[in-house]
Amino acid sequence: MEDAKVDGTISVASAFAAHHEVVQDRDHEFLTKAVEEAYKGVDSGHGGPFGAVVVRNNEVIVSCHNMVLHNTDPTAHAEVTAIREACKKLNQIELSDCEIYASCEPCPMCFGAIHLSRIKRLVYGAKAEAAIAIGFDDFIADALRGTGFYQKAHLEIKKADGTGAVIAEQVFEKTKAKFAMY
């Protein structure tokens, strides 16, 4: 090794570079699996071209693809499906010791699911614009970047007031003792 010193130690710079290469190699390996899932989902008619892989300690826990058409469920995106399956397989509701590899930049719902599951790391391949270009419009590009260019909301949103708001808020106060989260 060129950066090895006479005493056999390796410089910090070359050790970091070697670590960076290992991380890049494993990221490439798991991202490739996510992309393979995307193709698998389309080929099977299950849904759009999206795949996701949940990894723990360099081991694939689950490898999933978009199941929207197969499940007749608009929330069955690859990332959400992978999180659901990983939680079932590991019998836990949080994945803080896991990473997720997604073939494409997650939409707001998937990003929310990733956040709520406490996954420690997200690696994605394609930018949202690649999916937007072929007609998918539910992407984080608008939600996080605040552009509002692609998203066309056809939904009226209203916060309840009066008694409806009071009873809805009371459920949290009345049940808080039953939920010691995390």
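Heavy atoms only: backbone and side chains are in, while hydrogens, waters and symmetry mates are out.
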Closest heavy-atom pair and its distance - [X], [Y]:
{"X": "Cys98", "Y": "Val54", "value": "CB-CG1, 3.9 Å"}
{"X": "Val80", "Y": "Cys110", "value": "CG2-SG, 3.9 Å"}
{"X": "Tyr124", "Y": "Leu31", "value": "C-CD1, 4.1 Å"}
{"X": "Ala102", "Y": "Glu79", "value": "CB-OE2, 3.7 Å"}
{"X": "Ala34", "Y": "Val53", "value": "N-CG2, 3.5 Å"}

Test: side chain to side chain donor-acceptor pair (under 3.5 Å). Region: residues 37-55. Which pairs qualify, not counting sequence neighbours?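 The answer is Glu37-Ser63, Glu37-His65, Ser44-His46, His46-His65.
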Suppose the criterion is side chain to side chain donor-acceptor pair (under 3.5 Å): which pairs have a residue in residues 82-91, not counting sequence neighbours?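 Non-adjacent pairs meeting side chain to side chain donor-acceptor pair (under 3.5 Å): Thr75-Arg84.
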Side-chain heavy atoms of Tyr101 within contact of Glu29, under 4.5 Å: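 Heavy-atom side-chain distance check fails, nothing below 4.5 Å.
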For the pair Asp97 and Arg121, evaluate salt bridge (charged side-chain N to carboxylate O under 4.0 Å, His left out) and give the outcome as yes or no after the intermediate values. CA-CA 9 Å; Asp97 58 349; Arg121 186 167 182 259; over 6 Å; no
Run the side chain to side chain contact (heavy atoms under 4.5 Å, CB included) check on Arg118 and Leu95 step by step: do they pass? CA-CA 6 Å; Arg118 307 291 194 257; Leu95 303 170; over 6 Å; no
Separation of [Y] [atom2] from [X] [atom1] (nearest 0.5 Å):
{"X": "Ile114", "Y": "Ile100", "atom1": "CD1", "atom2": "CD1", "answer": "4.5 Å"}
{"X": "Cys104", "Y": "Phe136", "atom1": "SG", "atom2": "CZ", "answer": "9.0 Å"}
{"X": "Met109", "Y": "His77", "atom1": "CE", "atom2": "NE2", "answer": "4.0 Å"}

Side chain to side chain contact (heavy atoms under 4.5 Å, CB included) between Leu90 and Arg56, intermediate numbers included: CA-CA 10 Å; Leu90 297 173; Arg56 182 172 72 175; 3.3 Å; yes
Using only atom types and a distance under 3.5 Å, with no angle test, would you say the side chain of Ser103 pairs donor to acceptor with the backbone of Val35? no
Side chain Glu105, main chain Lys127, donor-acceptor under 3.5 Å: no
Please output the side-chain donor-acceptor pairs of residues 164-180 that fall under 3.5 Å, not counting sequence neighbours, one pair per line with the distance.
{"from": "Glu173", "atom 1": "OE2", "to": "Lys176", "atom 2": "NZ", "distance (Å)": "2.9"}
{"from": "Thr175", "atom 1": "OG1", "to": "Val171", "atom 2": "O", "distance (Å)": "2.6"}

Of all residues at least two apart in sequence or in a different chain, which pass the side-chain contact (heavy atoms from CB on, under 4.5 Å) check with Ala78?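 Ala78: side-chain contact (heavy atoms from CB on, under 4.5 Å) contacts with Phe50, Ala52.
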Using a side-chain heavy atom cutoff under 4.5 Å and only I, L, V, M, F, W and Y, what cluster partners does Met67 have?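 Once heavy-atom contacts under 4.5 Å are chained together, Met67 still belongs with nothing else.
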Under the side-chain hydrogen bond (donor to acceptor under 3.5 Å, both in side chains) rule, collect the residues that match up with Thr163, sequence neighbours excluded.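 Applying side-chain hydrogen bond (donor to acceptor under 3.5 Å, both in side chains) to Thr163 gives none.
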When hydrophobic residues are tied together by side-chain contacts of less than 4.5 Å, even through go-betweens, does Val123 share a cluster with Val55?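 Yes, because Val123 and Val55 connect within a single hydrophobic cluster, where side-chain heavy atoms sit under 4.5 Å apart.
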Consider only side-chain heavy atoms of I, L, V, M, F, W and Y, link residues closer than 4.5 Å, and tell whether Leu122 and Ile83 are in one cluster. yes
Take Asp73 and Val68, measure what side chain to side chain contact (heavy atoms under 4.5 Å, CB included) needs, and give me the verdict at the end. CA-CA 5 Å; Asp73 177 358; Val68 168; over 6 Å; no
Decide yes or no on side chain to side chain contact (heavy atoms under 4.5 Å, CB included) for Asn66 and Thr81, but give the supporting numbers first. CA-CA 7 Å; Asn66 183 291; Thr81 301; over 6 Å; no
